[in-house]
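First comes the structure, then the notes that go with it.
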There are 4 protein chains.
Amino acid sequence: MIIILKADTSEADAKEILAQIEQSGLQPLHMPGVERTVLGALGDERVLQSLHLENHPQVEAIKPVLSKYKLVSREIYPQDTVIQLGKTPVGSQQFTIMGGPCAIESEEQLLETAQQVKAAGATVLRGGAFKPRTSPYSFQGLGVAGLKIMQQVGQETRLDTITELMDIKDLDDVARYTSAIQVGARNMQNYSLLKAVGETQKPILLKRGLSATIEELLLAAEYIVATGNPNVMICERGIRTFETATRNTLDLNAVAYIKEKSHLPVIVDPSHGTGVRTLVGPMAKAGVACGADGLIIECHRNPRESVSDAAQALSPTDFSELVQQLRPFIEASGRTFIPLPDADQLGAS
Amino acid sequence: MIIILKADTSEADAKEILAQIEQSGLQPLHMPGVERTVLGALGDERVLQSLHLENHPQVEAIKPVLSKYKLVSREIYPQDTVIQLGKTPVGSQQFTIMGGPCAIESEEQLLETAQQVKAAGATVLRGGAFKPRTSPYSFQGLGVAGLKIMQQVGQETRLDTITELMDIKDLDDVARYTSAIQVGARNMQNYSLLKAVGETQKPILLKRGLSATIEELLLAAEYIVATGNPNVMICERGIRTFETATRNTLDLNAVAYIKEKSHLPVIVDPSHGTGVRTLVGPMAKAGVACGADGLIIECHRNPRESVSDAAQALSPTDFSELVQQLRPFIEASGRTFIPLPDADQLGAS
Amino acid sequence: MIIILKADTSEADAKEILAQIEQSGLQPLHMPGVERTVLGALGDERVLQSLHLENHPQVEAIKPVLSKYKLVSREIYPQDTVIQLGKTPVGSQQFTIMGGPCAIESEEQLLETAQQVKAAGATVLRGGAFKPRTSPYSFQGLGVAGLKIMQQVGQETRLDTITELMDIKDLDDVARYTSAIQVGARNMQNYSLLKAVGETQKPILLKRGLSATIEELLLAAEYIVATGNPNVMICERGIRTFETATRNTLDLNAVAYIKEKSHLPVIVDPSHGTGVRTLVGPMAKAGVACGADGLIIECHRNPRESVSDAAQALSPTDFSELVQQLRPFIEASGRTFIPLPDADQLGAS
Amino acid sequence: MIIILKADTSEADAKEILAQIEQSGLQPLHMPGVERTVLGALGDERVLQSLHLENHPQVEAIKPVLSKYKLVSREIYPQDTVIQLGKTPVGSQQFTIMGGPCAIESEEQLLETAQQVKAAGATVLRGGAFKPRTSPYSFQGLGVAGLKIMQQVGQETRLDTITELMDIKDLDDVARYTSAIQVGARNMQNYSLLKAVGETQKPILLKRGLSATIEELLLAAEYIVATGNPNVMICERGIRTFETATRNTLDLNAVAYIKEKSHLPVIVDPSHGTGVRTLVGPMAKAGVACGADGLIIECHRNPRESVSDAAQALSPTDFSELVQQLRPFIEASGRTFIPLPDADQLGAS
């Protein structure tokens, strides 16, 4: 850690701070300069943070030398982490496609959509049982009944499943009925929730907050991992900027950056990342090309009837065509694309 | 609601949509134009939303005519709402000052700070018992023990009290021990929490999310009011922008805008809004000048020892001097500033 | 155009506005509603703009029905525009790669770099002769001497050339010595400059401003086209957001969006779009995948010696490897990649 | 300057960099640490910048110790700079009010508006002769004819005058006919223009760019001062953020921050900072309260007829009422407000 002192700091003050650094077990460094005195402290910066030197009246600025995340960093684990999401190995050489409706509306709707996304090549079924809605009068999701539908449809289609957890009280149900848990963008810094999912061993899809920096996103992942659950997938789903032509600004720079710095798998959500149906395809391809490990795409058997996020949902036909178009990009990126075999091909299953 | 159709829409399609509008009980309007056909639907736009016309393949764009918030709008209640936060009438002609530490650290610390902010002129004591922290190893707050300290200190100093609620499970405790409940920026769109506090009658200080638009902030307030609790105070505490010289960008435009559109009281938080101790004073004055009903300011008996947000906390001396400097601005804005009488002046209380 | 009146507007006021609309030759529409009266005006919205109805005291809001750009829109010209940049057909089925140093430093430096980017597959050589620099003491570019070097190197290597024009006074020189003119991000709304380049027939690469919306970018392109020069290429080069891990946030949503709405070619600049050497490759691939017509990439024969933007320049080896890696993505996107033949292969040329 | 090396850097590489630092005449510092080696270089950081150490393959990050601006910093000149704008001492104990129309439309219009803003208390008349417009068909300003009108109206009313310079070719005319020159937000980093106005001694009002950080704004001011013109006034006029309810987000944090760091006067533009007529008043008061030295406010004799920016212009009556309301805030901020005496009171002048 680098500690920059104010221009008028006396030598006595500098020495007092150096003594504090030394007492905390770190190695102090003194760099008297022409315009400023700069101090250094070498060792575990988390120890130093507890000194709260930023409160010292003679301290002008503190600059950390190391990034604040450790466990999710490639400096600790250089190899890619592969997370077993049910039967789907996310982060492996095999590219992952997750698809399904924004909200679970009925068993019939979910089953039909599931069959269609599976036929197209998806191995993970998404769908919301609890919906964050801006109006108290809007459809709030089917709740636990929706989770049970998801489990049943997952078993019937042999798809792995993922749904969003919004409230700690629903954790047991979500963990029981689905293969993986999504932490939504609005909850990326809900530390109670992060801690709760960190105490499970379920695969977690952690979505980037609307205005979260990449560092904050990795720190939220670190929070889950540090609590005890290493099975974290990062999801880029667009950030809020001044641009209003698209619902969000999909930050693919973040995907390339996180793949370089972290060993965790990264999933791109081009549906929320654009909010516009016709842009989902191009940005799904771009997500593949910049190095993502998978995609999560909204698909509704009849987008015109979707109760939420209809403007961005693909029809099954569009979804299927898109996956076909993705294949050469997946191969160009050195990955493979292996859809699930049909139930028929599996014999009596 | 205005519905703009795509350039190639047939008249049959336009008529089908008009029929849908009529069937939902709204008045349809047909505006065939040179380059585009535009439709109108007059009446309650929430009814129309349930039609999901944005999903229609021939609909290019939907433009609402009315703002989505109703109950918090001056169109419904033109007069300023005054909220009784304990003995403090927030939103009245009397300007409100809330002060106290970021976190409750001990009874001694809170009592000393409370006495000092009261002597300076504050009538509401703030302090966190549950702290959202980015690290699982950091101080997480004293929890219910902190709430009890706050109640005791509030009674002793005759200050009203406010603390942040982070988890629904703590709602009963927070409601029992404090005068008002704060919903933090990270929870501004945590609808489960909004609904829970909406089912109480406690005064709620709703903080703007880091990347929430003014409309989203007012809709979150609407959510609480619609659930049944009209006692909502809006808090502007800075938004996230590209500027990094300050921790956040305090958006005082939002204060002036909300005071014009809504009848709810608005409180400014210059501590989080700047993140820099020396900027708290100027921005507190600016908050008064642009029409806020009150301020919430962090004050620690010894900022150097504060366990959190130390860079922005004022010392009691600075807090007291600032309140003195605020007086002429409060008067210039046509408000009064009435500190609590000292306990001594009240006789045997 | 949709005109929303204030809640308390009298019928007389509404009729006065309707009369104004009619007098301007547009078709007026009256939509009296429960809470608001809404007016419509059908026809050329630019005529209506001259009425300045937004100034009318009873007008609450004006909502345009049509986008403000016409000439650059696919509604006017549905087919892709192909721009002949020297020998390079930009926007055609053939993918375009532009490469070269940030700044022209010497003839030797530019020639060596040019030979290397050509060998790798680029057909257009970029390089700055006039540099916008934040310090009056920094290297400001070689000026006209640099332009002459560029012309000579272009002739020697048979590469087409592009350089930034910063000042109208240099227009004649830039137009004389190079194949195409770049308008930099800082000048995207410098209307004097847009008009000046609009009066030529040179191919123009218009870079998006740091905080320009897509609509503003297309309007700036419209400005050039309307002035008389249809040869405009749009360049996405990153916008400014709250994220600081990367220099800018490359907005590939904008590429997909513009390709849908406009017939103009779109070029992606992953060098400025990321500002980080290791991210240039992944984002170049993503640019190809989302539908761009070409890439412009910084390459320096020795990045460590580059006088500017060194952190994002590729070495010739890296540039060459990247182009090889791009080939399957270019093919996956249905385009071809045709590098220039070597001079040797051309015989006596 | 602090130089952080990559984790795998050899001691030989570290020593090579230290040698480079020493050769450039700076004092090198070696701080070997557990996880990283950190180097320091003490002395003039501008010398060090010329080494381009950021290009070294073993350098992970460079952190400057000092801010990059010097001449505009209070570290160099602690006292407030007072700039003599004609008869108006900007930055003095006397608060400055500038008012006038967005664009000069005619002599009659400017004279009438000038008389009204003067009667209200303004001492500087603003008005645009060259207008940056998004459409090539829109009104582009009266040009030099407008400048002559401004000079004449300034002489007649004894008001000082300010207008925007958009193109270097108009510098002589603008300097001849007006008291001060405005550099607009779009030109804040137009270095050719900054250099040109830096070579004059005219007072310059430098407006913050839409997406310029405070540091970039101060560096642009530094550019002008370093070129030779110390008479720079900084203008905060709103930045672009995700918020769309207001035209821009007026960043008053920046005003308080710049007043602390720099000795230059700061002017607030609540007209562009909000874009909404009813918000100009509250934000003008807030600008006074947070420490600005002056305000620049758009006023049109008949806002409904204004050819540009009509939504934010005040009528003369509103302008006059606002200035009356500002008086107690100006006094609360410890400043005085001294309008010009009427010509009549001056006798035969």
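Just so we're on the same page: letters track the sequence lines, and every chain starts at 1. Keep in mind that what you see is a predicted model, and the values were worked out from it rather than measured.
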Closest heavy-atom contact between D:A212 and B:F242?
O-CE1, 3.3 Å
Just list the donor-acceptor pairs under 3.5 angstrom between chain D and chain B, please.
residue, atom, partner, partner atom, Å
D:R208, NH2, B:E243, OE1, 2.7
D:I214, N, B:E243, OE1, 2.7
D:E243, OE1, B:R208, NH2, 2.7
D:E243, OE1, B:I214, N, 2.7
D:N248, O, B:N253, ND2, 2.9
D:N253, ND2, B:N248, O, 2.9
D:N253, ND2, B:G273, O, 2.9
D:E260, OE1, B:T278, OG1, 2.6
D:E260, OE2, B:T278, OG1, 3.4
D:G273, O, B:N253, ND2, 2.9
D:T278, OG1, B:E260, OE1, 2.6
D:T278, OG1, B:E260, OE2, 3.4

Selection from D:A254, D:P328, D:A286 maximising heavy-atom pairs under 4.5 Å formed with chain B:
D:A286
Taking side-chain contact (heavy atoms from CB on, under 4.5 Å) as the test, write out the residues that go with D:A284, two or more places apart.
D:P270, D:L295, D:I297, D:L322, D:L326
D:I214 and B:A245: which non-hydrogen atoms are nearest, and at how many Å?
CD1-CB, 3.9 Å
